[in-house]
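Letters go in sequence order (proteins before strands), and every chain restarts at 1.
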Amino acid sequence: MMASSYSAKDEDGHITVSGPGGGTLRNKKPENTAFKQQRLPAWQPILTAGTVLPAFFIIGLIFIPIGIGLYVTSNNIKEFEIDYTGDDTSSPCYNCAKNFSWNNTKSCTCTIPFQLDQPYESNVFMYYGLSNFYQNHRRYVKSRDDSQLNGNIDSLKVGASSPMASRKKKKPSKECEPYASIDNKPIAPCGAIANSMFNDTLKLFYNDPNGTSVPIPLTSTGIAWWTDKHVKFRNPVGTNSNLTAVFQGTVKPVNWHRPVYELDTDPENNGFINEDFIVWMRTAALPTFRKLYRIIQKKNNMAPTLPRGNYTLVVDYNYPVRSFEGRKRMILSTISWMGGKNPFLGIAYITVGSVCFFLGVVLLVIHHKYGNRNNSANISN
Amino acid sequence: MLVLFSCIVSIDVSQIIARRSLICVGEEIWVDSRTVYIGHKEPPPGAEAYIPQRYPDNRIVSSKYTFWNFIPKNLFEQFRRIANFYFLVIFLVQLIIDTPTSPVTSGLPLFFVITVTAIKQGYEDWLRHKADCSINECPVDVVQQGKVVRTQSHKLRVGDIVVVKEDETFPCDLILLSSSRSDGTCYVTTTSLDGESSHKTYYAIPDTMAFRTEQEVDSLHATIECEQPQPDLYKFVGRINIYKDKEEPVARPLGAENLLLRGATLKNTQHIYAVAVYTGMETKMALNYQSKSQKRSAVEKSMNAFLIVYLCILISKAVINTVLKYAWQWSPDRDEPWYNHRTEHERQPFTDFLAFMVLFNYIIPVSMYVTVEMQKFLGSYFISWDEEMFDEELGEGAQVNTSDLNEELGQVEYVFTDKTGTLTENNMEFIECCVDGNVYIPHAICNGQILSAACAFCLSLQEYEDLFFRALCLCHTVQVKEEETVDGIKRGIHQGRPTSFYISSSPDEVALVEGMKRLGYTYLRLKDNYMEILNKDDEIERFELLHVLNFDSVRRRMSVIVKSRDYLLFCKGADSSIFPRVVSGKVEQVKARVEQNAVEGLRTLCVAYRRLSQSEYQEACHHLMEAKLALQDREQRLAQAYDIIERDFVLLGATAVEDRLQEKAADTIESLHKAGMKVWVLTGDKMETAAATCYASKLFRRTTQILELTKKRTEEQSLHDVLFELNRTVLRHLSVDCLDFGLIIDGATLSAVLKPNQEGAGHGNYREIFLEICRNCSAVLCCRMAPLQKAQIVKLIKASKEHPITLAIGDGANDVSMILEAHVGIGIMGKEGRQAARNSDYAIPKFKHLKKMLLVHGHYYYIRIAELVQYFFYKNVCFIFPQFLYQFFCGFSQQPLYDTAYLTLYNISFTSLPILLYSLVEQHVSMDTLKREPSLYRDIAKNSLLRWPVFLYWTCLGVFDAVVFFFGAYFLFDNTTFTSNGQMFGNWTFGTLIFTVLVFTVTLKLALDTHHWTWINHFVIWGSLLFYVIFSLLWGGIIWPFLNYQRMYYVFMQMLSSGPAWLSIILLITVSLLPDVIKKVLCRAMCPTATERAQVQCWHHLHMKLEV
């Protein structure tokens, strides 16, 4: 209606005559398209108490059951944690921790007895946990050479033989400094992350009620991401298939006891594709973290994986944490579809659901109180 | 040297130009005139020393760059912008020191922005080069040694004699020597200069107008003295000295009527000879290239304020983190534990602060500037595309001359409007005349048709009446258009009688001459200085036109001196300028009639005459010639001469012309009032006429209490008392009952009010009291205003303590100063030429279009850009604050939370398009509603969406969301696994989880704010989320060979394979959006704004329709 009244031309009142330019009609008339006239058809939702109400109730009704489900699942997960740092004289690892020195060639062993009150029915996952360890420190995070870890042979070459070539095709990346090379020999694997790889060995024994101590079989594969193990981490492929030969001319990281090609006896789990190594190389987000160490597979359906009873944890204590006030833990945990024990998500869902439900009620009241008033006000307008 | 220095130091191109012109002014002090030797011939010896002067050649250079200096100069120009410079510094810091993020993250966007701008500017400059080239190389005919030689335009020099043919454009500023027309005139259109399409007449110098051939012209021996180039198109002062046979030179005055301007086109004249006086960059056209000073909008100002706040936040974040870092690193075991040693290189101190700056610098994003610029540029197209603002009659729609002020249209508080041609049609109709107290009304008034006219009170023909009609027929500057081209066929004489079309720069004159025609006196033509009139008895009367004393807005009258039997001076003008000079005539009757007409809103003019004796005429002639010949202060001397000549009048009578209101002017003014704007009418018209127009246009209502602050009142009381009394009245009534006040003030009183006050007098400052009164008046009418006073008023209001946003709208050259002064200047493409439209920020065809311009476009642009600015800051707080929090958990090591690709692309591609599109198409209320309910405009008044509380709300919301993202992910990651195979996630998954929640939340927040969902909105919002997901899948799906790290490999996919990750993403998005939704709903329910009510109402309407 507006448009029609605007386009109506007034016919009267032409006394003065403009110059010749006025007569020529330039076709400047804008196109009458919905877009150009800003009249595209549109959906125009309004967030009023009335329209938002159902959404709040629905969110409440969906979130609360999810939250309860998550909470129950989380509560059903069994988790056992033991600290073996050994900073306290009563602790079995006190001596190992106190006498630690980098020069010790022989590892110090300590045994920690513990008791499981409940049987662990399904597969049990064994973690080691570190606290106050800043794997997310910037200097630390970037101190690695992904190209080397991906099996790029150039990143393992020695600089001395052909200085020009080596300068172009770099040896270990500069990011690895100061853990890149020793005496002009590249470190394999280079960088601070690799250098500080966790090297305590944890073993579990079940103390049978008859007094014998039975070692529990620990699976060391399947603990790293499949893609990491099979794509991102590759052993360098040299002229010969022998790993020892491929790593010829490199040196082991300073803090390692063994070179990288002696991490495991299984060739599928040795060198850069050793899963303990891969797990360590995925830097943790927070200074307190845990990493998957071993998996205890459920053997048969009849017996629980870890029955109720007494156990012994035997630790080859190689990893010093006292200097930076860190702590070491061993964790046993079962896993559900939602992962490990984490009541936070369930509680959060329940809370948010309840809040939404409550807000829904509040809005209902508001809607009844103000909604009508607004409408009546509109009509009077 | 000075120029060089100024180039280096100055910060703006316009400043360089300003300096250059300063130097020009400086030269003018030394050499205030130039001497041009016509045909480069030396004057006869002894007359004057021949000093050849150097002038620039006729090359026009509008381009800014050359091929060689483009890159350095353009880069310099771009980095002079403070924002670009800031980003450059960040980039350089990243290059030099060891920083957490790679230089690519800030270098790439900066490079992109700089390149795009450079390409755009380069292209524009290339176009300018091309245009310059074609202009500079166009052929020109020059007379050399008595022959016509063809040369190129840029080779023209000052002093060359140029031949210009019909329909050719003048190549430089020329003095007309002779034309092919016998009377030495030529017709010119200045369409490309000022848009006026009417033909203007220019005159040759009488001594040279007889020249017909090249040889004759070439034989001319003369010099021209004229002022140095000035940008004013309508001013020129000069003198020509013609040497004839070693005699003393004959000096003739030169004025603007002799100067043909570059850019104008010759019409209706076969050819002319003219001499070049200003060439190249010194032509008046080139001098007018200078850009106007840039206006900045209120939104831009608040945006800059917000930027400073964010800069402070950025710096304080960096400082806090640096301090904490050093505190935390106090123990060496933390600083350098055994597993994490530094290299020698990394032990450098003092780079930490810079590194933190770099890490957090994304809080001020490059892309915001780009988005804002794009929004303004693209958004302004909607104005020119608007069909409702298209005028069929003119064949033109609205024009946008600057896109920087779009949002300012939604902030206007004061509207200053011109009356004639703006509020009114400027389409004059002769209504009546009053001769010696008797009133004459033409019988029928139809569209310009000639009808036999009769007088209503046909009294005996007196001498007065005779003189009156002749006066009106003679005293004008109307031209008769001899032929009219219709469909290409020339139509000269029509049915034996010439079809007379009158052309004039003043519509009043045309109306008067047309009116005379209807009363039986037809003005035929001006031929050989004789004006011919066809009188009632079909006899042709001839009058010799001796002098025209042109109209000017100061004198407000014009006169002609003609000779029939004896010398007669006819004068017509505003009553105030005629009555004081009248010595006899029926003053009382005429005055009464004039006042009555004025009250009815008619434009009145008084006509008077004076019989001159031979000696008086000679004296007048002498005065005029003396003034016209003067090189200096010619204007002033002319005014003096006019003052001496125009007196001792005998009053003949008065005329009344109606200027009808523009279509929907009243409706528009009413809407503006309802929208909370104060409308001021500034006019040169007389008070009664203007007041009548104000009533007709509903500026004043019947209930409005009018306060007068006029000369008449101040004559009775002192200004001081009047002001204080008015102020008391206003304040008293304002508190008791809401009366509507209207103020009328006239030019004389206004200048008294604005006059700097003597401190000794002990009175308060009049300005303040005046402003106080004005603030409480809904409408103000300022009449009898000089053009400069209009600008003064605007300036006064602009500078008052609330600093309101002003808008000036006008159509004529006299409104230009006010248009330039106001925050937003709007020109009407009117009948008084295009000057206003050219100098305005926006030009519209009619006053009624102002309504849509402000209420719809202004409103939209404002809410769009307000949301754009707030949202940009919000999304970057959300983006960077988690990174800040993360520093507390990573030993203040500047570890970035997100991957480099995410850091770089967040502002460029993941979140940029939805907000850009929102800021282009959002309509929170429909157009029709905005037009129907102007009061909605009040909702956004005073920059309401960009005030500090609102800004604080957005920032707090951003911080809240950031805290939710970070701690949500923190507690989720806290020491547990959330995959079903027991494997752990690392820090990059942590960052990616936060980033995913961030992108979704920020985009959905915009979706919640969007009220106008067109298919484009759906496409862009869901499309950009989809793009994020696809990009992340790709980015993590391949080992990218060119990257030296593979940290993102499979991170995104692993995250999506975990159920709790999905659940927590949903949870965190819900929680972060919840407060905003609740705030929106509660505000709407508890205290809905007018806009929100209108939305609901609209919605109900729609649903009712659907149900029916």
Donor-acceptor pair, side chain of Gln983(B) and main chain of Gly222(A), under 3.5 angstrom: yes

Check: Gly982(B) main-chain N/O paired with Tyr127(A) side-chain donor or acceptor under 3.5 Å: yes

Under 3.5 Å donor-acceptor, Gln923(B) side chain and Gln38(A) backbone: yes

Whether Tyr179(A) and His341(B) hold their rings parallel, tilted or perpendicular, with breakpoints at 30° and 60°: tilted

Part of Tyr860(B) lying under 4.5 Å from any heavy atom of chain A: side chain

Among Gln1054(B), Lys1080(B), His1018(B), residue most engaged with chain A (heavy-atom pairs, under 4.5 Å): Gln1054(B)

Trace of the ring-ring contact (aromatic ring centres under 6.0 Å, His included) decision for Tyr134(A) with Tyr339(B): CA-CA 9 Å; Tyr134(A) 283 84; Tyr339(B) 57 85; 8.2 Å; no

Spatial distance of atom CG (Leu359(A)) from atom CG (Leu1074(B)) [nearest 0.5 Å]: 6.0 Å

Any donor-acceptor pair under 3.5 Å from Asp146(A) side chain to Gln1046(B) backbone: yes

Val141(A) and Arg1047(B), any side-chain heavy atoms less than 4.5 Å apart: no

Flag side-chain contact, heavy atom, 4.5 Å: Leu345(A) against Ser1064(B): yes

Option that, when pairs with chain B are counted at under 4.5 Å, heavy atom only, ranks first among Gln37(A), Arg144(A), Lys341(A): Gln37(A)

Donor-acceptor contact below 3.5 Å, side chain Asn136(A) vs main chain Phe889(B): yes

Contact winner vs chain A - Leu1063(B), Leu972(B), Val921(B), Val1071(B), heavy-atom pairs under 4.5 Å: Leu1063(B)

Close side-chain approach of Trp1013(B) and Leu40(A), heavy atoms under 4.5 Å: no

Best-contacting candidate, Phe985(B), Trp1015(B), Phe990(B), against chain A by heavy atom pairs under 4.5 angstrom: Phe985(B)

Sub-4.5 Å side-chain heavy-atom contact between Val1051(B) and Trp225(A): yes

Donor-acceptor pair between Gln895(B) and His137(A) side chains, under 3.5 angstrom: no

Pairwise side-chain contact, Phe390(B) with Asn32(A), heavy-atom cut-off 4.5 Å (strictly under): no

Contacting region of Tyr886(B) [heavy-atom separation from chain A under 4.5 Å]: side chain

Residue part contacting chain A, namely of Thr979(B), when any heavy atom lies under 4.5 Å: backbone

Polar side-chain atom of Arg282(A) near backbone of Met984(B) as donor-acceptor pair, under 3.5 Å: no

Aromatic plane relationship, Tyr319(A) with Trp338(B) - under 30° parallel, 30 to 60° tilted, over 60° perpendicular: perpendicular

Arg138(A) side-chain N/O to Ser893(B) backbone N/O, donor-acceptor pair under 3.5 Å: yes

Heavy-atom donor-acceptor pair, Arg139(A) side chain to Asn340(B) backbone, under 3.5 Å: yes

Side-chain touch Trp385(B)/Thr33(A), heavy atoms, less than 4.5 angstrom: no

Side-chain donor/acceptor of Tyr1049(B) to backbone N/O of Val231(A), under 3.5 Å: no

Contact class of Met927(B) relative to chain A, heavy atoms under 4.5 angstrom: side chain

Top contributor to chain B interface from Pro41(A), Ala192(A), Ala284(A) [non-hydrogen pairs under 4.5 Å]: Ala284(A)

Sidechain N-carboxylate O distance under 4.0 Å for Arg39(A), Glu388(B): yes

